[in-house]
Amino acid sequence: MSKSRRLLAWYRDAARELPWRVEPRDPYRVLVSELMLQQTQVDRVVPRFDAFMVRFPTLATLAEADVSKVLEAWSGLGYYRRARSLHRLAREVVARGSGLPQTAAELCALPGIGPYTAAAVASLAFGAAEPVLDGNVMRVAARFLTMGEEARRAPGRAKALRWVRGLMEGAEPGRVNEALMELGATVCTPRAPACPLCPLREECRARVEGRPEEHPPARRVREPEHLRWLAACAVSGRGRWLLRRVEAGAVLRGLWLPPFADAGDGDVVATALGLLPFPVDGGVSLPPVRHSITYRRISVVPVRVAVARELPLPDGWAWADPLVPGLPTSSLLAKLVRRANK
DNA sequence: AACTCGGGGGG
DNA sequence: CCCCCAGAGTT
């Protein structure tokens with residue numbers, strides 16, 4: 001039995017059932033899932049995906065929606081550029097009127113779609129023979145071919161793509177792509193791979209050499225930066241929170257959060273109160289919550305402030321139910337709410 | 001090629 | 001704590 005036959009047989013038996021893998025494949029579902037899955041694990045996408053599809057069941061409904069509603073449905077998923085890109089993409093494609101493009105080249109020209117997502121949508125939704133190369137597939141290829149440092153450079157990636165394309169001979173390209181990604185996610189894992197379960201184990205050079213975990217080599221990352229912020233958590237008598245739209249150019253731009261700032265060296269409570277658009281009597285600082293944004297490790301000190309009345313607010317400010325804000329936000333809000341209510 | 005952008009789960 | 005994840009866009 002050939003490599004690709006063994007791979008596909010394994011996939012038929014072992015693949016997880018996921019909401020975007022329903023037959024027949026809906027290109028729109030494939031598109032949304034691929035955007036959500038960029039740098040985001042399957043387990044975290046599944047619940048958000050279902051909610052998103054209920055809210056925006058078709059490309060047309062997505063195009064008609066306000067971008068803030070799309071961001072709201074994306075809240076907590078991270079990498080919010082993806083949501084803005086998806087919304088722009090929907091508007092462009094709907095305005096064009098000819099439906100979602102079916103070739104990788106045309107898909108790649110749309111906002112938020114790069115080489116990986118273009119190949120994924122073209123193959124999974126439209127059957128095109130386009131090999132994908134994501135983190136999972138790169139790891140499988142790097143181990144099978146013992147690529148070592150080569151895996152980090154452009155020629156190595158091209159080699160991996162050729163290897164995937166070779167597996168597509170006489171097979172459904174989309175299934176091959178999906179099977180390799182599934183294999184990387186569930187068997188050929190970064191640490192402690194389950195080689196005995198792998199359909200490619202016999203010819204895998206890294207397994208034969210006994211060091212699969214050394215391929216590909218860990219990528220170097222930017223030195224973590226440790227920051228200390230404070231957040232002014234003003235809660236009204238009705239239990240709503242004072243939120244502010246984060247300014248352009250800042251991290252979490254465009255999302256709605258309690259006003260926050262660098263904690264600096266001064267008095268935390270005083271600094272927090274200074275962020276509010278109206279005077280208050282005082283506040284109390286709570287134990288910090290941890291939040292990370294790419295290379296930043298942030299310790300956020302909540303300063304809880306009780307506000308009797310919901311005073312009128314300037315533009316860019318709002319009173320909102322923190323659990324169902326009805327506004328785009330970050331998971332940082334939920335962390336602050338949990339801390340403040342404990 | 002390097003840097004930025006969220007966030008959480010597993011070792 | 002460190003590591004990685006169905007990457008793309010910008011510089």
Side-chain angles (χ1 to χ4, degrees), chain A residues 15-16 18-21 29-49 71 74-86 88-89 107-125 130-140 152-157 164 174 176-186 188-193 213 216-226 246 248-255 257 289-300 328-335:
Chain A
R16 295 167 289 183
L18 297 172
W20 48 87
R21 286 182 181 167
R29 292 176 77 86
V30 172
L31 174 73
V32 172
S33 69
E34 290 302 339
L35 266 292
M36 285 192 175
L37 286 162
Q38 289 172 5
Q39 294 291 284
T40 308
Q41 273 125 327
V42 165
D43 291 345
R44 299 203 15 252
V45 166
V46 169
R48 302 317 200 88
F49 178 81
L71 280 167
W74 208 273
S75 294
L77 260 184
Y79 287 139
Y80 298 95
R81 176 201 300 273
R82 298 180 294 176
R84 302 180 208 271
S85 297
L86 180 58
R88 267 207 299 146
L89 181 158
L107 287 161
C108 205
L110 294 169
I113 300 201
Y116 163 76
T117 309
V121 174
S123 66
L124 299 176
E130 299 281 356
V132 298
L133 195 60
D134 69 337
N136 288 310
V137 178
M138 189 65 233
R139 185 170 52 255
V140 173
R152 318 180 133 294
R153 297 186 290 272
R157 290 194 289 275
V164 177
V176 172
N177 283 334
E178 218 162 43
L180 285 172
M181 291 191 277
E182 186 78 2
L183 188 66
T186 63
C188 195
T189 48
R191 278 164 309 219
E213 293 182 85
R219 59 193 163 104
R220 44 192 167 289
V221 292
R222 170 165 180 173
E223 182 82 5
E225 185 178 326
H226 293 271
V246 178
V251 161
L252 303 176
R253 59 186 71 100
L255 305 184
L257 287 166
V289 302
R290 307 280 309 168
H291 195 70
S292 62
I293 299 175
T294 66
Y295 57 87
R296 301 177 191 81
R297 309 290 149 70
I298 311 163
S299 177
V300 187
T329 189
S330 147
S331 64
L332 174 57
L333 175 61
K335 293 181 188 176

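This one's a predicted model, so the numbers in the text were calculated from it and none came from an experiment.
Contacts of A:L332 with the nucleic acid, taken as non-hydrogen atoms under 4.0 Å apart, are absent. In this structure, A:T117 reaches the sugar-phosphate backbone alone: every heavy-atom distance under 4.0 Å involves primed, P, OP1 or OP2 atoms, never a base. Residue A:W74 is classed as having no contact, given no heavy-atom separation below 4.0 Å to the nucleic acid. Within 4.0 Å (heavy atoms only), A:R152 reaches no atom of the nucleic acid at all. Using a 4.0 Å heavy-atom distance criterion, A:R296 is classed as a sugar-phosphate-only contact. Counting any heavy atom pair closer than 4.0 Å across all strands shown, A:R81 reaches sugar-phosphate atoms only and no base atom. Residue contacts for A:G76: at a heavy-atom cut-off of 4.0 Å it reaches the sugar-phosphate backbone alone, with no base atom in range. Residue A:R153 is classed as having no contact, given no heavy-atom separation below 4.0 Å to the nucleic acid. At a threshold of 4.0 angstrom between heavy atoms, the contacts of A:A192 with the nucleic acid are absent. Using a 4.0 Å heavy-atom cutoff across all strands shown, A:R82 reaches no nucleic acid atom at all.
Looking only at distances, no side-chain donor or acceptor of A:R88 sits under 3.5 Å from a matching main-chain atom of A:P111. Here the side chain of A:E178 pairs no donor or acceptor atom with the backbone of A:R21 at under 3.5 angstrom. Panel note: side chain A:R84, backbone A:R81; no donor-acceptor pair is recorded below 3.5 Å.
Where A:I293 and A:D43 each meet DNA chain B at their nearest nucleotide, the meeting point lying more 5' is that of A:I293. Comparing A:R191 and A:T40, the nucleotide of DNA chain C nearest to each residue sits closer to the 5' end for A:R191. Each of A:R222 and A:L255 was assigned the nucleotide of DNA chain B with the nearest heavy atom; the assignment lying further toward the 5' end belongs to A:R222.
In this model, the phosphate group of B:dG6 is not approached by any side-chain N or O of A:H291 to a distance below 4.0 Å at OP1 or OP2. Phosphate proximity of B:dG8 to A:K335: present, with a side-chain N or O under 4.0 Å from OP1 or OP2. Residue A:Y79 places no side-chain N or O under 4.0 Å from the OP1 or OP2 atom of B:dT4. For B:dG7, one of the phosphate oxygens OP1 or OP2 lies less than 4.0 angstrom from a side-chain nitrogen or oxygen of A:S330.
No hydrogens or angles considered: nothing links the side chains of A:R48 and A:T40 as a donor-acceptor pair under 3.5 Å.
In this structure, A:Y116 has no ring-ring contact (aromatic ring centres under 6.0 Å, His included) partners at least two apart in sequence or on a different chain.
Using a 4.0 Å cut-off between a side-chain N of Lys or Arg and a carboxylate O of Asp or Glu, A:R191 and A:E213 do not qualify as a salt bridge.
C:dA6 and B:dT4: their P atoms are spaced 23 Å apart (whole Å). Between the C1' atoms of B:dG8 and C:dG9, the separation comes to 24 Å (whole Å). B:dG6 and C:dC4: their C1' atoms are spaced 13 Å apart (whole Å).
Bounding nucleotides for the chain A contact on DNA chain C, 5' to 3', at a heavy-atom distance below 4.0 Å, are C:dC1 to C:dG9.
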Please determine whether side chain to side chain contact (heavy atoms under 4.5 Å, CB included) holds for the pair A:L124 and A:W20, giving the CA-CA distance in whole Å, both sets of side-chain angles, and the decisive distance to 0.1 Å. CA-CA 10 Å; A:L124 299 176; A:W20 48 87; over 6 Å; no

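When Watson-Crick and G-U wobble pairs are counted only if both distances are under 3.5 Å, B:dG6 pairs with no nucleotide at all.
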